[in-house]
Amino acid sequence: TAQEVAGLRGLAARLAREAGERLVAGRPEEVSVADTKSTATDVVTAADRASERWLRDELRRLRPGDAVLGEEYGDVPEEAAAPSASVPEEAAAPGDPVPAGAPGAGDGPRLTWVLDPIDGTVNYLYGLPAWGVSVACVVGDPQVPGAWTPVAGAVSAPVWGELFHAGTGQGAVVEGPRGGPRELAVSEPSDPAQALVATGFGYAAERRAVQGRVAAELLPRVRDLRRMGSAAIDLCCVAAGRADAYYESGTKVWDHAAGLLVVTEAGGRVTGLDGSPPGAPMVVAGGPAMTRWLHDELVRLGA
Ligand code: IPD
């Protein structure tokens with residue numbers, strides 16, 4: 001129901017905002033790389049892990065019946081299973097019954113919370129501002145492109161002091177230093193040559209080689225390209241009209257689940273290539289006409 005969606009959206013927004021505030025407050029003088037993942041450039045910091053553990057603790061306490069999929073601990077949260085010291089005493093233990101009256105509790109479809117505890121980890125590492133926390137609540141299987149639908153989503157950009165959030169059928173807003181909530185609406189440039197297009201690059205060298213070639217072909221045909229360093233923030237910028245479109249291949253569901261809903265609720269389109277669902281393997285987003293143009297260019301370029 002609309003009330004349930006609003007409740008889930010409120011929780012997503014609170015979690016993204018508070019996780020972001022904790023990351024800013026707890027940031028050490030020197031941030032260091034704790035580990036690498038898929039490649040040597042795919043880094044993880046202690047803050048990524050602590051942020052995801054905090055999000056999981058909150059969800060375990062408030063929504064024990066829901067599933068969780070996170071960037072750092074996946075869907076089998078063994079490492080994250082032990083509640084951290086930050087869990088308040090009244091926290092529900094894993095396996096406690098779903099609190100009566102909790103939105104989504106009971107007979108509804110199973111919900112999964114899809115978490116990116118820091119999207120834009122490299123920016124966070126270097127002290128650049130474009131990083132955020134992405135929290136999405138989805139129905140279906142988020143590990144299979146096209147098999148899930150977002151219900152609510154929130155992306156915080158704590159250094160910018162902004163919080164973007166959306167609920168299915170309920171629009172998308174930004175709250176921030178200039179007040180809010182302010183309704184978001186995508187832009188639609190009349191000519192792609194005047195479009196500011198955001199993109200991103202994956203961590204694998206072979207993928208980057210293709211992405212670099214595609215970017216080089218596209219650059220002379222648009223106003224400019226931006227590589228902000230956080231897919232979630234790229235999508236929110238499209239929703240806010242701060243970029244006219246965004247595309248990237250190889251993003252993971254936690255990078256785009258919340259931002260995708262923010263874009264569509266802001267009147268935009270998000271697609272994959274040639275009828276494939278977004279994320280398999282491409283995400284293309286923007287106003288309807290710009291998305292169509294960019295999609296066709298990407299197909300032509302063999303992206
Ligand atoms: C990355 C960022 C980046 C995008 C990469 C993502 P992470 O996420 O969103 O902008 O280009 O594809 O993996 O690793 O910082 O969570």
Side-chain angles (χ1 to χ4, degrees), residues 16 19-20 23 27 31-55 69-74 113-136 142-143 145 153-160 164 196-215 218 225-239 242-243 245-260 262-263 270 272 278-285 298 303:
L23 283 160
R27 187 187 165 89
V31 181
S32 57
V33 173
D35 213 343
T36 57
K37 295 185 287 184
S38 59
T39 70
T41 47
D42 185 2
V43 296
V44 58
T45 69
D48 292 80
R49 290 176 175 158
S51 178
E52 184 167 321
R53 282 200 302 272
W54 181 82
L55 290 164
L69 174 68
E71 176 173 20
E72 309 306 338
Y73 293 105
W113 293 84
V114 181
L115 310 174
D116 194 335
I118 303 183
D119 187 53
T121 302
V122 175
N123 283 345
Y124 174 81
L125 181 67
Y126 281 78
L128 292 167
W131 56 268
V133 179
S134 176
V135 176
Q143 314 231 44
V155 176
S156 64
V159 181
W160 293 353
F164 302 84
L196 183 62
V197 179
T199 190
F201 305 125
Y203 293 114
E206 314 79 66
R207 190 184 292 277
R208 285 181 165 186
V210 177
Q211 288 173 323
R213 179 183 60 73
V214 171
L218 217 48
L225 294 180
R226 288 290 179 273
R227 194 287 193 252
M228 277 179 278
S230 161
I233 289 180
D234 287 319
L235 286 162
C236 291
C237 284
V238 168
R242 297 179 196 168
Y246 161 74
Y247 75 96
E248 181 170 347
S249 61
T251 56
K252 299 288 193 332
V253 64
W254 41 77
D255 300 315
H256 60 245
L260 184 150
V262 175
V263 171
V270 185
M282 182 68 82
V283 173
V284 189
L298 292 166

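Start at 1 and go down the list; that is how both ligands and their atoms are numbered. Note that this is a predicted model, so its numbers are computed, not measured.
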What distance separates Arg227 CZ from Glu248 CD, expressed to the nearest 0.5 Å?
6.0 Å
Check ligand 1 for close polar pairs with the protein: N or O on both sides, less than 3.5 Å.
residue: ligand 1; atom: 8 (O); partner: Asp119; partner atom: OD1; Å: 3.0
residue: ligand 1; atom: 8 (O); partner: Asp255; partner atom: OD1; Å: 3.4
residue: ligand 1; atom: 9 (O); partner: Asp119; partner atom: OD1; Å: 2.9
residue: ligand 1; atom: 9 (O); partner: Asp119; partner atom: OD2; Å: 3.3
residue: ligand 1; atom: 9 (O); partner: Ala231; partner atom: N; Å: 2.8
residue: ligand 1; atom: 10 (O); partner: Arg227; partner atom: NH1; Å: 3.0
residue: ligand 1; atom: 10 (O); partner: Gly229; partner atom: O; Å: 3.1
residue: ligand 1; atom: 10 (O); partner: Ser230; partner atom: N; Å: 3.0
residue: ligand 1; atom: 10 (O); partner: Ala231; partner atom: N; Å: 3.4
residue: ligand 1; atom: 11 (O); partner: Phe201; partner atom: N; Å: 3.3
residue: ligand 1; atom: 11 (O); partner: Phe201; partner atom: O; Å: 3.1
residue: ligand 1; atom: 11 (O); partner: Arg227; partner atom: NH1; Å: 3.1
residue: ligand 1; atom: 11 (O); partner: Arg227; partner atom: NH2; Å: 3.4
residue: ligand 1; atom: 11 (O); partner: Glu248; partner atom: OE1; Å: 3.2
residue: ligand 1; atom: 11 (O); partner: Glu248; partner atom: OE2; Å: 2.7
residue: ligand 1; atom: 12 (O); partner: Glu248; partner atom: OE2; Å: 2.4
residue: ligand 1; atom: 14 (O); partner: Tyr203; partner atom: OH; Å: 2.8
residue: ligand 1; atom: 15 (O); partner: Gly120; partner atom: N; Å: 2.7
residue: ligand 1; atom: 15 (O); partner: Thr121; partner atom: N; Å: 2.9
residue: ligand 1; atom: 16 (O); partner: Glu71; partner atom: OE1; Å: 3.1
residue: ligand 1; atom: 16 (O); partner: Glu71; partner atom: OE2; Å: 3.4
residue: ligand 1; atom: 16 (O); partner: Asp116; partner atom: OD2; Å: 3.2
residue: ligand 1; atom: 16 (O); partner: Ile118; partner atom: O; Å: 3.2
residue: ligand 1; atom: 16 (O); partner: Asp119; partner atom: OD1; Å: 3.3

When you measure from the side chain of Asp116 to the backbone of Val155, do you find a donor-acceptor pair of N or O atoms at a distance under 3.5 Å?
no
Measure the spacing between CG of Asp255 and CD of Glu71 and express it to the nearest 0.5 Å.
6.0 Å
Taking side-chain hydrogen bond (donor to acceptor under 3.5 Å, both in side chains) as the definition, give me every residue that meets it alongside Trp113, ordered by chain and number, with sequence neighbours left out.
Asp66
Glu72 and Lys37 ion-paired at < 4.0 Å
yes
Test your reading of the model: is there a side-chain donor-acceptor pair from Ser230 to the backbone of Asp119, 3.5 Å cut-off?
yes
